[in-house]
Amino acid sequence: MKLDTAVFSVLKDKIQLINMEEGGIYLVGPIRLPVNLEGETVVFQWYSWLKQDEVTDDYEAVIERLSSANLAEYQQSSVLVYGDFEGADEALIRMHSICHTGDIFGSKRCDCGFQLKQSMQRIVDHGAGALFYLANHEGRGIGLFSKAMAYVLQENGYDTVEANEKLGFVDDSRNYEDAIAVLGTLREKPVTLMTNNPKKVDAIEKAGLKIAGRTSIWGDRSEFNENYLKTKVVRSGHLLDEEEEIHAKR
Ligand SMILES: [Zn+2]
């Protein structure tokens, strides 16, 4: 397909190429995205990205290939940015792993849907920040179909870590490299990470990100996710807040 000149002139300023050690990432945005957050309309700036093994700065050719690339068969990640993310002295970020059941259906087997909404709200309350929605992280990187299998095992007495291991997966195979590269183009100053997972802080720090601090994000505890949350603490080293710790010991 040959691209219309007027169309290209609109798009070319919204695309950038981030070169990586291998291949690179095309980043498109910012795009104004008004969001309904607990009944209030909040305007975020939205970006999406596409990782490719071979890249070119001929964006016209990149756009012309899209219609035959079948991208809907794959997952692309994105980021919601709020406030003066580049310039603010302090910014809150969340590296959110996609959870089809929790984020979309509101499943109570995990706390992902709650964490997603809560982190968006906290970014807005804080005044500046970004929510990275990592689409290749389903089921801690095992994929949706395998996650369904793991849920079957969990219904038969295996905990979340065991279930993944019994299916031949390492417990946590998530990679943050692409998101960190995107973050690096949006902001140079350190960020505060919203997570209960110290391993995530280590992994992200090792990958070169400047971290100013960590803040935890617990909530939506129920009879349905009690074991799931307990496993996160006991098996995966997640840190509880002091108050939460008291609750857990009961
Ligand atoms: Zn989940």
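All values reported here derive from a predicted model rather than from experimental measurement. Atoms within a ligand are numbered from 1 in the order they appear, just like the ligands themselves.
For the Zn ion (ligand 1), protein N, O or S atoms closer than 2.8 Å were enumerated as C99 SG, C110 SG, C112 SG, with waters left out.
Atom CG of residue D159 and atom CG of residue N164 lie 9.5 Å apart, to the nearest 0.5 angstrom. How far CD1 of I123 is from CG of L37: 10.0 Å, rounded to the nearest 0.5 Å.
Counted within 6.0 Å of NZ on K166, heavy atoms from surrounding residues, nucleotides or ligands total 12 or fewer; the atom is thus considered open.
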Apply ring-ring contact (aromatic ring centres under 6.0 Å, His included) to the pair F132 and H96, showing each step before the final yes or no. CA-CA 6 Å; F132 288 79; H96 190 85; over 10 Å; no
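Ion pairing between a basic and an acidic side chain is recognised when a charged N comes within 4.0 Å of a carboxylate O; K2 and E60 show such pairing. Salt bridge absent: E22 and K51 never bring a charged side-chain N and a carboxylate O closer than 4.0 Å.
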